[in-house]
Protein chains: 2
Amino acid sequence: MAEKRTDKVTITEVALLAGVSTATAGRVLGGYGYASEEIKKRVKASAERLGYRPNLLARGLITGKTRTIGVVAGDIQSPFYSSILRGIADVARAEGFGVLLTNSDELLARELEAVQLLLEKQVDGLIVAPCDTERSDHLRRALKGGCPIVQFDRMVKGLGADAVTVDNRKASREAISSLIDAGHRRIAILAELERWDSGDISSFIARVTARSIEPTTLFPSWQRLFGYVEAHLSAGIDLDRALIGRVGAYSLEAARLQALHLLRLPDRPTGLFTADGLMTAGAVDAITSLGVQIPDQLSMIGFDDLDWMSFLKPQITAVVQPVTAMGQTAARLMLERIAGSDSPPRHVTLELALTRRGSVSKPA
Amino acid sequence: MAEKRTDKVTITEVALLAGVSTATAGRVLGGYGYASEEIKKRVKASAERLGYRPNLLARGLITGKTRTIGVVAGDIQSPFYSSILRGIADVARAEGFGVLLTNSDELLARELEAVQLLLEKQVDGLIVAPCDTERSDHLRRALKGGCPIVQFDRMVKGLGADAVTVDNRKASREAISSLIDAGHRRIAILAELERWDSGDISSFIARVTARSIEPTTLFPSWQRLFGYVEAHLSAGIDLDRALIGRVGAYSLEAARLQALHLLRLPDRPTGLFTADGLMTAGAVDAITSLGVQIPDQLSMIGFDDLDWMSFLKPQITAVVQPVTAMGQTAARLMLERIAGSDSPPRHVTLELALTRRGSVSKPA
DNA sequence: TTGTATTGTGAGAACGTTCGCACATCGAGC
DNA sequence: GCTCGATGTGCGAACGTTCTCACAATACAA
């Protein structure tokens with residue numbers, strides 16, 4: 001059943017039926033080179049009659065272009081990545097490109113494997129959320145090999161490739177500042193903060209204070225902590241290390257536990273900033289189970305906007321990432337590269353918007 | 001920059017360096033046919049040294065297999081499809097397969113276009129959520145052309161292809177029955193119910209009552225309505241047409257409005273069944289804005305389980321679809337087909353579980 | 001008439017693999 | 001000694017396109 005591919009009608013057969021050479025048939029069907037009107041008509045009719053479908057493998061083999069974009073996401077199941085992917089797919093489809101998808105689960109080994117597969121499949125370019133901003137020789141090699149790369153969400157240090165990110169640091173600083181402006185002095189942060197090779201939280205804070213750290217190649221949650229620290233510094237408020245909730249893993253349960261811990265501190269924070277959607281979910285879970293009232297007993301701002309935040313109590317004021325636009329932008333940058341642009345690496349930073357929903361008030 | 005593909009080291013060069021023919025090099029690197037230990041070592045060393053990466057296009061062209069699965073989803077941005085996709089991608093990755101993704105947005109024209117593209121890219125098989133259970137000649141053609149197809153979520157009438165679905169009708173019937181058992185007599189349903197060519201709701205109910213309708217090729221929301229009707233019939237409860245909220249579109253806002261309408265009926269329902277995640281979201285939005293108490297003033301069961309349902313008030317008892325497993329199963333069926341299985345079309349029906357979270361009580 | 005540009009067509013070589021075949025070597029069994 | 005199977009290797013033809021030529025026909029200016 002699966003062996004009889006009646007499907008396999010080639011350009012040779014079309015040419016034969018139309019009484020022309022395969023070269024001519026190719027010119028008509030592929031839309032390149034000359035062909036008289038009469039022959040065009042004949043070839044098209046033959047193709048139609050035989051149900052001819054070009055074999056893009058063969059075309060790709062000779063042209064060196066597959067019109068396919070490879071994507072390495074962290075986990076498509078997450079709203080963040082699936083929205084990005086949607087943006088990419090939309091732009092790709094409009095231009096007749098295909099999208100080859102892989103998940104890295106934020107594991108370097110898997111990213112390696114994925115990039116390898118995509119390259120072997122001869123994708124025209126790679127859109128990647130790199131899971132390590134340092135050890136990324138595989139990306140460097142791909143780039144050197146002529147395969148354009150567009151990074152999103154984070155950037156590899158010194159990789160000369162395009163990137164689309166958001167200004168996490170600024171948005172976070174502004175969110176914290178708005179809490180400070182409302183009168184809050186004890187503001188907790190709940191963030192993943194998983195990987196950072198260069199020491200612990202204290203040394204990070206020290207380096208932020210000393211301005212001896214470059215934020216662009218940090219992971220988003222660190223950038224958000226960066227903004228948190230900066231906001232405190234510029235307002236002249238002392239940092240309380242106990243208020244920095246480092247979850248250490250991208251897990252709802254871990255976030256919930258850490259949130260419970262923060263909310264049970266003897267000197268409870270009056271404000272809470274969650275550094276991404278999952279952290280917000282964990283925090284809300286903890287908040288409802290403790291019966292803490294938003295915003296009366298706790299003011300809150302979260303990063304990422306998830307659908308339920310708008311229609312459930314408590315509604316959470318949130319920093320909205322333009323996720324779909326991020327995917328679209330990445331895809332557009334990629335298409336330009338594929339089209340041959342050899343401009344120096346571009347770094348597009350998208351704007352973030354704060355959606356106020358009344359989860360912030362003066363401290364009690 | 002993008003033109004110098006230093007990447008392009010072919011098997012010929014490897015063979016040359018190793019001092020063997022391309023055929024032998026191919027046998028070693030491709031892992032087919034004989035090769036002595038000594039030559040294996042030499043070839044592998046040369047490949048390593050040159051940084052050889054096989055060109056899967058060329059391999060695919062000759063073998064007729066690309067080790068790529070094409071997926072046509074409705075909208076990857078939705079939690080439903082992205083979870084399915086995750087399941088597919090996991091299984092595919094484990095077997096070294098790639099996943100080529102497209103969105104149909106449930107539009108036939110787009111599905112057509114997508115299938116076309118995927119076939120031209122010579123995918124080994126198609127995993128599809130067909131957007132029309134009747135007009136699907138493109139799928140029939142693909143199948144006849146030798147491209148295996150696995151459907152999920154819904155099935156095309158008379159298409160002899162594998163399928164993975166859940167028993168929507170049974171789960172819905174049981175959910176409604178449990179509301180009836182709790183004492184409810186006025187139970188509303190909120191469902192998309194967009195496309196059904198053969199008439200309106202009344203004629204659908206009539207045909208269900210007369211048992212003159214085949215549920216397997218209905219769209220899920222119709223199957224769920226089917227179960228709703230059946231549960232009423234078997235309990236001897238008259239159906240009130242006014243309680244059937246047909247949203248008519250897959251939209252949060254439309255769902256919210258329809259839910260508001262239902263909740264404002266003079267003789268308000270005491271129970272509510274929402275036929276999918278988006279409907280649940282719309283209903284919850286309406287419920288919180290009206291200040292209706294769950295479960296005191298309204299008992300509720302929803303289809304689909306979204307993360308927020310577990311940690312926000314009101315918690316909603318829900319029918320859980322094994323989404324990731326659905327994707328995995330679809331991928332496994334596909335891989336079996338690709339491996340050459342020519343068994344008659346298989347239809348796998350996955351079990352649904354009711355997760356009780358206390359949104360159901362006796363009517364007031 | 002000749003030259004030259006424009007338009008149209010076909011032959012045949014790519015592209016980078018795998019595959020069928022021929023052939024060579026080796027040991028074992030008779 | 002011979003045949004036979006198992007093992008190992010290379011040649012050249014696929015696969016289905018596009019691309020580079022060569023060349024023919026036509027048209028128009030010199």
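All figures in this text were calculated on a predicted structure; none of them were measured in a lab. Each chain gets a letter, A, B and so on, in the order the sequences are listed, and its residues count up from 1. Excluded from the calculations below are hydrogen atoms, water molecules and symmetry mates; all remaining heavy atoms, backbone and side chain alike, are included.
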Whole angstrom value for the distance that separates C1' of C:dT18 from CZ of B:Arg27: 10 Å
Exactly one of A:Leu56, A:Val123, A:Leu118 should register a side chain to side chain contact (heavy atoms under 4.5 Å, CB included) with A:Thr68. Which one does? A:Val123
Would you mind reading off the distance between A:Tyr34 atom OH and D:dT20 atom C1', rounded to a whole angstrom? 15 Å
Does this structure show an ion pair linking B:Arg86 with B:Asp90, if we count only N-O contacts that are shorter than 4.0 Å? yes
Nearest-Å distance for atom pair CD1/C1', residues A:Ile11 and D:dT18: 9 Å
Determine whether a donor-acceptor pair (N or O, by modelled atom type, separation under 3.5 Å) exists between the side chain of B:Asp124 and the backbone of B:Arg67. yes
Atom-to-atom span, CD1 of A:Ile62 to P of D:dT18 - whole angstrom: 8 Å
Can you tell me the distance, in whole Å, between the NZ atom of B:Lys65 and the P atom of C:dC19? 13 Å
Considering only side-chain heavy atoms of A:Tyr32, which listed nucleotide, D:dG16, D:dT18, C:dG10, is closest? D:dT18
Counting only side-chain N and O atoms of B:Ser36, is one of them less than 4.0 Å from OP1 or OP2 of D:dT9? yes
Describe the nucleic acid contact of B:Leu56 in one word from base, sugar-phosphate, nothing, applying a heavy-atom distance below 4.0 Å. nothing
Would you say A:Ser21 places a side-chain N or O within less than 4.0 Å of OP1 or OP2 belonging to C:dA11? no
State which of C:dG10, C:dC19, C:dG16 makes the closest approach to the side chain of B:Ala58. C:dG16
Is there a donor N/O on one and an acceptor N/O on the other, under 3.5 Å, for the side chain of B:Arg53 and the base of C:dG16? no
Rounded distance (Å) that lies between atom P of C:dT17 and atom CZ of A:Arg59: 21 Å
Scan side-chain atoms only and decide if B:Ser83 and A:Gln77 contain a donor-acceptor pair under the 3.5 Å cut-off. yes
When all nucleic acid strands are considered with a 4.0 Å heavy-atom cut-off, which category describes A:Leu57: base, sugar-phosphate, or nothing? nothing
Return whichever of B:Leu61 or B:Glu37 has its heavy-atom-nearest nucleotide of DNA chain D closer to the 5' end. B:Glu37
Without swapping roles, check the side chain of A:Arg49 against the backbone of A:Val14 for a donor-acceptor pair under 3.5 Å. no
Whole Å only: how far is the CD atom of A:Glu38 from the C1' atom of D:dA25? 15 Å
Let me spell it out: for each of A:Thr63 and B:Val20, pick the nucleotide of DNA chain D with the closest heavy atom. Which residue's pick is nearer the 5' end? B:Val20
Of C:dT9, C:dG16, D:dG10, the nucleotide closest to the side chain of B:Thr10 is C:dG16
Starting at atom CG of A:Leu16, determine the distance to atom C1' of C:dG10, rounded to an integer number of angstrom. 14 Å
